[in-house]
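Letters A, B, ... mirror the listed sequences (proteins, then strands); counts begin at 1.
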Number of protein chains: 2
Amino acid sequence: MAERFVSERNLKFLLYEVLDAPSLAQYPYYQDHSRETFDLVLDTAMKMGRDLFKPTLQEMDKEQPKLVDGQVFVHPIVKSIMRECGEGGWIAASASYQMGGQQLPLMIAGAARFIFSAANYSGSVYPFLTAGAAHLIESFGSEELKETYIPKMFAGEWQGTMALTEPQAGSSLSDITTQAEPTDQGYYKIRGQKIFISASDHDGVENIVHLMLAKIKGAPPGVKGISLFVVPKKRPNEGGQLVPNDVNVTQIYHKLGYRGSPIAQLSMGENDDCRGYLVGEPHRGLPYMFQMMNEARIDVGMGAAAIASAAYYASLEYTKERPQGRRLGAKDPTAPQIPIIQHPDVKRMLLFQRAVVEGSLSIILQCAKYSDVARVSGDSAEKERNFLLLELLTPVAKSYPSEMGILSVSQGLQCLGGYGYCEEYPLEQHYRDARIHPIHEGTTGIQGLDLLGRKVIMQNGKAFQLYLQEVEKIIAEAKGVSGLETHAVELEEALEKLKKITAHLIGVAMKGNVELFLADATLYLEFFGIIAVAWQWLLQAIVVQKALGGGATGADVDFYKGKLYAFRFYFGYELPKIEGLARRLMDTDGLTVEIKEEFFND
Amino acid sequence: MAERFVSERNLKFLLYEVLDAPSLAQYPYYQDHSRETFDLVLDTAMKMGRDLFKPTLQEMDKEQPKLVDGQVFVHPIVKSIMRECGEGGWIAASASYQMGGQQLPLMIAGAARFIFSAANYSGSVYPFLTAGAAHLIESFGSEELKETYIPKMFAGEWQGTMALTEPQAGSSLSDITTQAEPTDQGYYKIRGQKIFISASDHDGVENIVHLMLAKIKGAPPGVKGISLFVVPKKRPNEGGQLVPNDVNVTQIYHKLGYRGSPIAQLSMGENDDCRGYLVGEPHRGLPYMFQMMNEARIDVGMGAAAIASAAYYASLEYTKERPQGRRLGAKDPTAPQIPIIQHPDVKRMLLFQRAVVEGSLSIILQCAKYSDVARVSGDSAEKERNFLLLELLTPVAKSYPSEMGILSVSQGLQCLGGYGYCEEYPLEQHYRDARIHPIHEGTTGIQGLDLLGRKVIMQNGKAFQLYLQEVEKIIAEAKGVSGLETHAVELEEALEKLKKITAHLIGVAMKGNVELFLADATLYLEFFGIIAVAWQWLLQAIVVQKALGGGATGADVDFYKGKLYAFRFYFGYELPKIEGLARRLMDTDGLTVEIKEEFFND
C-alpha cells in the first residue's frame, strides 16, 4: 500500500523558496513567526498525517456513517481527530491570540490542511469546517456568541458547519425559505430544512454548531433578505447544561466518495422549539457567509490538490515497482522487463499529475499569501491590492484544482492499469473522493459566473489589472533568466490572448446581453486558470534556474531538475490547451443561449 | 428514476439516413435482410433493454458477485439474460446460418449491443463476450471444437471468455508463461495463472469456455510462441458428461464499478488435470486472438458510448425537471425559478454529452459497416479497402468513446449538482462503470501505439491514405451544402494539420528513434480521434441539412435542428481542441523520453 502522500520537499520549496512565507513576519500580527515555527508546524502536521489521518483512510470509506434513531454515528477516529486537532491548536491555528489562536498565517495553516487532506480527505473536513465556522463567529458575532461557542469549537469539542443549501435553493441561495421568527427573548425561532450539510451530525463531538442562513419574517425578497444565525444542535440552558434544540437529522446521503464524512438533511423546528442566534446585523447574512465561503473555496481547492497529490505518489510508487514490457524498439523478448516508469507514456502520465498537483498547490498558496497580507497589512493600498487579487483568484484556486484534480487522479489510476480499478489499491477511492470538488462550495459553473460576471469587472476591472501586473512582473523577470526566455514569451502571448478575449467579452456585456456575455463563463474560467497556473510555474522555474546555477548539490539537483521537467511539461502540454479555448471564446455565436428545450427531445 | 437510456430516433438516423445499413443487403451474405428485419431487431432489443436489462442495473451493482468455495455466484438475472439472449438468437446473431446464426450485420448486432449496454452495461457483457469467443472457434477451430462448443455457447448455456492477462503479462502479452504440454491424447495439459478475466466463472450458466493464450512447451520466445486454446471449466468426458477440468478461481476482484460482472483470477492445472484444446495452428494464437480483440475493442467503444448515453438521458431528464435560479440578468427574485435546462451553461453540458455520445456512436457504426463489408464483399479491392479502414480506425473507435465517455458522464453528473454525487440517482454508478473502458481490451496508451506505431504506417501508409480519401470526399460534398461551407473548410484545415503532423512524426521515425516517434502517441490518438469524429459529424450534418431543406415536419424538425446544434457545438467547442494538441505534437523535444527516474524522487 502506498506510503507517501505529499512531498515535503515541494511544500517547503513553494513556501520558502518561491513564495517566501517567512517574509510575513514583517507584519506585527505574524511577528512571532519565522521559518523555524513554520517548520515545526509542518513537521508536526506530517507526523499527524502519517499517524492520525492516513491509517483510517480506507476504513472510513468502507465503514460509512450510519443514521440510527436520529443520531449519526461515524468512525471512532473522528473523535480522536477532533480532540487532537483541538488540543494541538490546529482548529484555532490562524485565529488571534485573543481568541486562543496562534496567529498562524493561512499559508502555513493551509499547508497543514493540505497534508491532512492528502492523508485522509474525509477526516480533514471535520476540524477545518469547524475552524471556518468559528472564524465567522469571531468576525461578526456578539461577545456572548464568541464566549459561548468559540472555545468549545477551537477545542474540538463542538463541530462547526455551514448550512446554506435547501431542497429548492442550491446554487440559487436567494430562494432559501428557512424562516427565523423574532422573539422577545433575544433569540429567533427557526423553521425549515437544509440539505447536503457536511458533518452536520455525528457522535465524534459533544455538540454541533450550524452557521445557518435563514430569512427573518418580513425580510426583503432575494439575497437582500438573508440573515446569518448560529443554530446549535444542543443549546446551553440557563444552568449551562446542553438541551436539545429541535434540529433533526432526517436523512444522510449515500455518496460516490468522500464517505468518511456524513452529509445530512436537517429539519429545524419540527416541535417549534429551535432557537437561532443572529450573527451581526439582520439581512447581512450573505456577505458574512461569503467570508466563510471564500475560505472554504480555497480549502476545496486545497483538498482537491491534496487528493491528487496522494494519487500521484501512489501511482508513482507503483510505476517504479511494476515491470512490464521493454523499451519501444527493443527486439529481444527474452530480455528482462523494465519498470513501467521507464516508458515515455507513463512518464507523461506522471508529469501530467505533477504539473497539476504542484501547479495547483502553488496557486493556492499564492492566494493564501494574498489572504494573509490582506488580513494584517497596515498599508491600506497594499491591503486592498492583496484583497482584490484574492477575490479575483479565488474561483480559479477553487476550480482549477477541482477540475484538473479529477483528470490527474484518473491518470494516476490509469498508471495502474486493471489494478487501478480495484479496491486493493487506493486510486479508486481517490477517484471517487475527488469528484465532489467541482460540486460543493459553488459548482464550477457558479465559479465561472463569479470570475467573469463579478470579479473581472468589479471596480472597473481593477482586480484584473492588478493581476495582469503580477503576471507581467514575472514575465519580465523570466526574460532575464537563462533558459526561460522562450517560456516567458509564451506566457506573454497567452496573457495577450487573455486581454483580448476579456476585452471582447466585456464588449458583449456592454451591449447589454448578459446571457451571451456569460454563456461560456465556464470556458473562460478554464482558460484563465490554465494561464494563472502557467504564471505560477514560471515563478517556480525562475527559482529553480537560479538554484541550479547557484551550486545546488545532491538530492537537490534531482529535485530541481525534476521541477524543470514538470515546468517544461506544463508549458509544452498544458498551456497550449488555451489555443482551442481562445478560438471558442472569441466566437460568441450564442449557440448555447439560442438552442431551444424542444431540440433536446429526441 | 431515469427511464430513457438511448434515443431510438438517433440510432435509426445513423443506421438508415447516414450510414445506409440496408444497402448491405446488396451482398449475398446479407441478402435476406432489409430495413424491415433491422427494425424488428432494434424494436425487440429496445423491449429487452427496458424489460430484461434495465430493471436490475442498480441491483447488480449493489449485490456484487461472491466467491464461495471456489464457485462465483452472480445476480439471478444473469441466468435469464443468458437464456433469453441464447433463445432469442442474440448471441449467434452475426454468425452464419450454417452455424445456427442469422447473418445479421455487425452494424445491427452492434446497435443492439449499444441498447443492452446502455440499459445495463455489466449485464450486457455476458452474452456478447460469449459471442466473441464463439466467433473465434467458428473462425479457427476444428470441426470437433465447433460441434462441441458453439451450439452450447450460442444457446447461452455456456459462457465464453477471453483469457489473456497474467500477473506478469498485461500490456506485454509476449511475457505470458501459461504452459501447454502436448500429450498423445490430442489435448494439451495447461498450467498457469490468468488474472482480470471477465465473466470467467459464475452460476448463471452450466459451463465456462475460456479462449486462452498459452505457450506450448519449447515454443519460440515472445509473441511468436503464443498459441490459442479452448480451456473449459468442465470438459465433456467420453460419455458426454461434464467433469471438472482443474480450472480454479483463486480470487475475484472488487472494483470501482462494472460490478455486475465478476472479474476473476484463475489457476489452471493445480492438480495436473487441466486440458486445453488447440485452436488452429500452434504459435498462431496472437493473430487469431486479434480477431476477437478487434471485435472486443469495437464492443468496448460501444459500451463506453452506451454508458454515456444512459448518463446523458438521465441528466437531461433532471435538467428539465429541476427548477433553480432565473435567467442571467433577471432582476426580480420573486419571479418563479426556471428549469435548469434553460441556463446556457447547462445547455452547454448537455450539448457536450450529446456531441460525445452521438459522435462516438457514429464512428463506431461506421467501423461496424467497414467490418461488415470487409467480411462479405466479393470484390477483393473493396474488401481490402474496408478491412484497412477498419484496422486503422479500431483504436479510435475504442479510445475516443472510452476517454470522452468519462468526461461526458462526468458532465452528466455535474448537471445534477449534489444529487449527481449521491446513490439515489444513476449518475454516480455510470461514473464508476465508465472508468473501466480506457483500461480493458488494451489501454489508451496501447491504442495510441497501435494507431501511430502500426496502423498509420502499415503497407506504406495505405490505410491512412484511404482514410484521408474518405474524409476528403465528405468535405467536398459538404462544401456544396448550404450552411456547411465554413465547417467543411474547418475540417479541411484540420485534415491538413493531421497530414502535416503525421508526416513530421514519420520523419522522426525514419531517423530511427522509435521512442521519440511514439512518445506522444497517446496525444496523437486524441488528436486523430477528434478529427475523425468531426468527419462523422459533418457526414451527419449533410443529411440533416438535406432533410431540413426537403420538407421535414413535426417532431423531425426538432430532431434535425437539435442535431444541427450538436454538430455546431462539436465544431465550435470540440474540434478547436486540436489546436493545442497540434502545437505539442509538432514539438518532438523528447521531454518524456529524457526525464530520468531519479527526477521523480521528491
Side-chain angles (χ1 to χ4, degrees), chain A residues 7 9 170-172 174-175 196 221-222 253-256 316 324-325 328-329 333-334 341 344-345 347-348 350 414 417-418 421-423 428 436 438-439 443 445 514-515 518-519 522 558-559 561-562 565 568-569 572-573 576-577 579-580 583-584 587 591-593 595 597-602, chain B residues 7 9 170-172 174 196 221-222 253-256 316 324-325 328-329 333-334 337 341 344-345 347-348 350 414 417-418 421-423 428 436 438-439 443 445 514-515 518-519 522 558-559 561-562 565 568-569 572-573 576-577 579-580 583-584 587 591-593 595 597-602:
Chain A
S7 162
R9 179 71 186 85
S171 293
S172 177
S174 77
D175 290 283
F196 291 130
Y253 298 92
H254 295 96
K255 313 186 295 296
L256 173 61
L316 176 62
Q324 192 69 189
L328 291 167
T334 64
I341 193 174
D345 196 52
K347 290 192 273 189
R348 182 189 58 77
L350 293 172
Q414 189 73 14
Y421 201 65
C422 293
E423 292 180 8
E428 70 87 28
I436 188 61
I439 299 172
T443 63
V514 183
E515 280 200 321
L518 295 173
T522 304
D558 285 345
F559 172 73
K561 286 197 172 171
Y565 274 99
R568 284 176 53 203
F569 183 90
Y573 289 75
K577 290 180 179 169
E579 303 293 338
R583 205 167 115 181
R584 171 62 212 168
D587 190 1
L591 183 57
T592 56
V593 177
I595 183 174
E597 191 176 330
E598 56 266 32
F599 297 164
F600 288 103
N601 283 353
D602 262 314
Chain B
S7 163
R9 180 69 186 86
S171 293
S172 176
S174 78
F196 291 131
Y253 298 92
H254 295 95
K255 312 184 299 297
L256 173 61
L316 177 62
Q324 192 68 189
L328 291 166
T334 65
Q337 300 199 69
I341 195 175
D345 196 52
K347 290 192 273 188
R348 182 188 59 77
L350 293 172
Q414 190 73 12
Y421 200 65
C422 294
E423 292 180 7
E428 70 86 28
I436 188 61
I439 298 172
T443 62
V514 183
E515 280 200 320
L518 295 172
T522 304
D558 285 345
F559 173 73
K561 287 197 172 173
Y565 274 99
R568 284 176 55 202
F569 182 89
Y573 288 75
K577 290 180 179 170
E579 303 292 338
R583 206 168 114 181
R584 170 62 211 168
D587 190 0
L591 181 57
T592 57
V593 178
I595 182 173
E597 191 175 332
E598 56 265 33
F599 297 164
F600 288 103
N601 282 355
D602 262 314

Specify the closest pair of heavy atoms between B/Gly418 and A/Phe196, including all atoms of both residues, with the distance to one decimal.
-> C-CZ, 3.4 Å
Top contributor to chain B contacts, counting heavy-atom pairs under 4.5 Å, from A/Glu428, A/Glu579, A/Lys347, A/Lys561 | A/Lys347
So which of B/Lys577, B/Arg9, B/Arg583 has the biggest tally of heavy-atom pairs under 4.5 Å with chain A?
-> B/Arg583
Among A/Ser174, A/Cys422, A/Gly329, which residue forms the greatest number of heavy-atom pairs with chain B at distances under 4.5 Å?
-> A/Cys422
Chain B contact via A/Leu316 - which portion, at a heavy-atom distance below 4.5 Å = side chain
Sort out for me which of A/Glu598, A/Arg584, A/Arg348 touches chain B most, counting heavy-atom pairs under 4.5 Å.
-> A/Arg584
Between B/Phe559, B/Phe600, B/Tyr253, the one whose heavy-atom pairs under 4.5 Å with chain A are most numerous = B/Phe600
Among B/Val593, B/Asp345, B/Asn601, B/Leu591, single out the residue with the greatest number of heavy-atom pairs under 4.5 Å to chain A.
-> B/Leu591
For A/Asp587, is it the side chain, the backbone, both, or neither that has a heavy atom closer than 4.5 Å to a heavy atom of chain B?
-> neither
Between A/Pro344 and B/Glu515 the two heavy atoms that sit nearest each other are CD-OE2, 4.0 Å
For chain A, which of B/Ile436, B/Ile341, B/Ile595, B/Leu518 has the most heavy-atom pairs under 4.5 Å?
-> B/Ile595
Do you know which two heavy atoms are closest between A/Pro333 and B/Gly222, and how far apart they sit?
-> CB-CA, 3.5 Å
Which one, B/Thr522, B/Asp558, B/Leu350, B/Val514, leads in non-hydrogen pairs under 4.5 Å with chain A?
-> B/Asp558
Taking only residues two or more places apart in sequence, or in another chain, which ones meet A/Gln414 in a side-chain contact (heavy atoms from CB on, under 4.5 Å)?
-> A/Met349, A/Gln411, B/Arg435, B/Pro438, B/Ile439, B/Thr443, B/Thr444
Identify which part of A/Tyr421 has an atom lying under 4.5 Å from any heavy atom of chain B, answering side chain, backbone, both or neither.
-> both
